[in-house]
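These numbers were taken from a predicted model, which means no experiment stands behind them.
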Amino acid sequence: QVQLVESGGGSVQAGESLRLSCKASRSIYTKCMGWFRQDQGKEREWVASIRSGGGSEEYADSVKGRFTISQDSAEQAMYLEMNNLKVEDTAVYYCAAQSPYRLRCSGLKHEYDAWGQGTQVTVSA
């Protein structure tokens, strides 16, 4: 399976910003890439996704207007710019990728085929 590695997490105060990065171990082909997050004791939830072919981006309502997803296909990298962070954004953030054989860009975690190890984001009031 493709190895994905996240970086950029850390501890910040509410209202501050962080930029997360996701890098593939090698050149890969994907249908869609996305960011998910999981806080302690909660189910992993979809945050944002982007079509690998250069299409539209989608966001969960909870982060819309604050987070921006982007990608650099040449570098096999994906980014999540997180602005105006809130305490409820605290979670482990995971990078995920879909096989190019998937028929749709999805926000469902079981439709993603490769995952990173996660990076912790902690937001304090």
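- Glu16 CD to Ser124 OG: the interatomic distance, rounded to the nearest 0.5 Å, is 9.5 Å.
- A salt bridge is defined here as a Lys NZ or Arg NE, NH1 or NH2 lying under 4.0 Å from an Asp or Glu carboxylate O, and Lys64 with Asp61 meets this definition.
- Considering only residues two or more places apart in sequence or on other chains, Val87 meets the side-chain contact (heavy atoms from CB on, under 4.5 Å) condition with Ala125.
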Stepwise, does the side chain to side chain contact (heavy atoms under 4.5 Å, CB included) test hold for Met82 with Trp35? CA-CA 12 Å; Met82 305 185 294; Trp35 288 97; over 6 Å; no

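- Atom CD of Glu88 is surrounded by more than 12 heavy atoms from other residues, nucleotides or ligands within 6.0 Å.
- Every residue two or more places apart in sequence or in another chain that forms a side chain to side chain donor-acceptor pair (under 3.5 Å) with Glu45 is listed here: Arg37.
- Rounding to the nearest 0.5 Å places CG of Leu18 at 8.5 Å from CD of Glu81.
- Judged purely by atom type and a 3.5 angstrom limit, Trp46 uses its side chain to pair as donor or acceptor with the backbone of Ala48.
- Around atom CD of Gln13, more than 12 heavy atoms belonging to other residues, nucleotides or ligands sit under 6.0 Å away.
- The closest donor-acceptor contact from the side chain of Lys86 to the backbone of Val123 lies at 3.5 Å or more, if one exists at all.
- Leu85 and Leu80 fall within the same hydrophobic cluster, where Ile, Leu, Val, Met, Phe, Trp and Tyr residues are linked whenever their side-chain heavy atoms come under 4.5 Å apart, directly or through other members.
- Residues Ile69 and Tyr79 fall into different hydrophobic clusters, defined by Ile, Leu, Val, Met, Phe, Trp and Tyr side chains chained together at heavy-atom separations under 4.5 Å.
- Residues passing the side-chain contact (heavy atoms from CB on, under 4.5 Å) test with Glu111, sequence neighbours excluded: Gln98, Arg102, Arg104, Ser106, Leu108.
- To the nearest 0.5 angstrom, Lys31 atom NZ is 9.0 Å from Ser52 atom OG.
- To the nearest 0.5 Å, atom CD of residue Gln76 and atom CG of residue Leu4 are 9.5 Å apart.
- Here Gln40 contributes atom CD and Gln120 contributes atom CD; the two are 9.0 Å apart, rounded to the nearest 0.5 Å.
- Within the 3.5 Å criterion, the main-chain N or O of Glu6 finds a donor-acceptor partner in the side chain of Gln117.
- Tyr59 places no side-chain N or O within donor-acceptor distance of the main-chain N or O of Arg66, the cut-off being under 3.5 Å.
- Across all their heavy atoms, Tyr112 and Gly34 have their closest contact at CE2-N, 3.7 Å.
- Scanning both residues, Ile50 and Cys32, for their nearest heavy atoms gives O-SG, 3.1 Å.
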